[in-house]
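Shown next, in structure tokens, is the structure this report addresses.
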Amino acid sequence: MKIRACIFDLDGVIVDTAKYHFLAWKRLADQLGINFTEKDNERLKGVSRMASLEIILGLGNKIIDQDKKNELARLKNLWYNDYIRKMTPEEILPGSLDFIKELKKADIRVAVGSASKNTPVILDRVGISKLFDAVADGNNVEKAKPDPEVFLKASEMLGIEPEECIVFEDALAGVQAALNAGMICIGIGSPKVLKKAHFVVKGLYEMSLEKLIMIEKNVLS
Ligand code: G6P
Ligand code: MG
């Protein structure tokens, strides 16, 4: 097998934080008098904090200056942190730990590639900070997905070439970022939504080393 590393998006792949993002954004939207639904929240998956705020302001046709935007993003993050600080290891999505441990045993490196600046807090709260060989997140990259920067950074930190990495992603922007990085991408979610991914599974509980080898073989043949 050519693959030497797996890079995992965090939100929606290893943990389900979308519900906490939603509650915090909803509180902000309510305060601004903007109607914001769970369906709207789907558009924020994989999107950076400021870009998410822009989408919400757009829903309410609100135009505000940058200082005010910074203040609103700060408030949302405060509220979001109230939720994630209470996260526990039970919130790790099914199958994630077993699959990652199986990869490590087979000497495949594992990394996180996430847009979230809260990645270190979340990994710490759910007790998996030491599980990964590298963590690339919103704190050490500048360009948001679909730019490939976060995945290229993870491969650089691992010292493994991009074409030897496979990415696991639940967001459209993230799938595109992986493809832009020249990596194989396995989507987590619906094949109808994640059309561009090389292969789609419902969750990491559907993954195994054997399946990974099969997917790689099919993609590269
Ligand atoms: C992930 C989530 C997005 C979130 C982004 C930034 O990509 O899917 O919903 O907006 O991270 O997260 P942060 O924790 O830095 O606000
Ligand atoms: Mg995600």
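In each ligand, atom 1 is the first atom listed, and ligand 1 is the first ligand listed.
- Regarding atom 7 (O) of ligand 1, its nearest protein heavy-atom neighbour is G46 CA, 3.2 Å.
- In this structure, G138 falls outside the shell of residues with a heavy atom less than 4.0 angstrom from ligand 1.
- Proximity of N77 to K117: side-chain heavy atoms (C-beta onward) are nowhere separated by under 4.5 Å.
- Proximity of S52 to ligand 1, defined as any heavy-atom pair under 4.0 Å, is confined to the side chain (atoms from C-beta onward).
- Within D11, the N, O or S atom at minimum distance from the Mg ion (ligand 2) carries the name O.
- Nearest to the Mg ion (ligand 2), among the N, O or S atoms that D9 has, is OD2.
- No side-chain donor-acceptor contact under 3.5 Å links K45 and H21.
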Would F168 and F8 satisfy ring pair (Phe, Tyr, Trp, His ring centres under 6.0 Å), going step by step from the backbone distance to the final call? CA-CA 5 Å; F168 290 85; F8 297 87; 4.9 Å; yes
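- Each of K104, R109, K105 was scored for a side chain to side chain donor-acceptor pair (under 3.5 Å) with D107, with one residue passing: R109.
- A heavy-atom distance below 4.5 Å is found between the side chains of L28 and L53.
- Side-chain contact between K86 and E91 is absent, with no heavy-atom pair separated by less than 4.5 Å.
- Close approach of ligand 1 to L44 (heavy-atom distance below 4.0 Å) involves ligand atoms 3 (C), 9 (O).
- Salt-bridge formation is detected for the pair K26/D30: a Lys NZ or Arg NE/NH1/NH2 atom is positioned less than 4.0 Å from an Asp or Glu carboxylate oxygen.
- Residue N118 places at least one N or O, backbone or side chain, under 3.5 Å from an N or O of ligand 1.
- In the candidate list R49, K76, K145, R49 is nearest to atom 16 (O) of ligand 1, counting heavy atoms.
- Under the 4.5 Å side-chain criterion, counting only non-hydrogen atoms from C-beta, D9 is not in contact with V150.
- Evaluated by nearest non-hydrogen atom to atom 14 (O) of ligand 1, the leading choice among S48, A173, S116, A73 is S116.
- The parts of K117 lying near ligand 1 are both backbone and side chain, judged by heavy-atom distances below 4.0 Å.
- Restricting D170 to its N, O or S atoms, the one at the least distance from the Mg ion (ligand 2) is OD1.
- Between the choices V47, D11, I55, the shortest heavy-atom distance to atom 3 (C) of ligand 1 belongs to V47.
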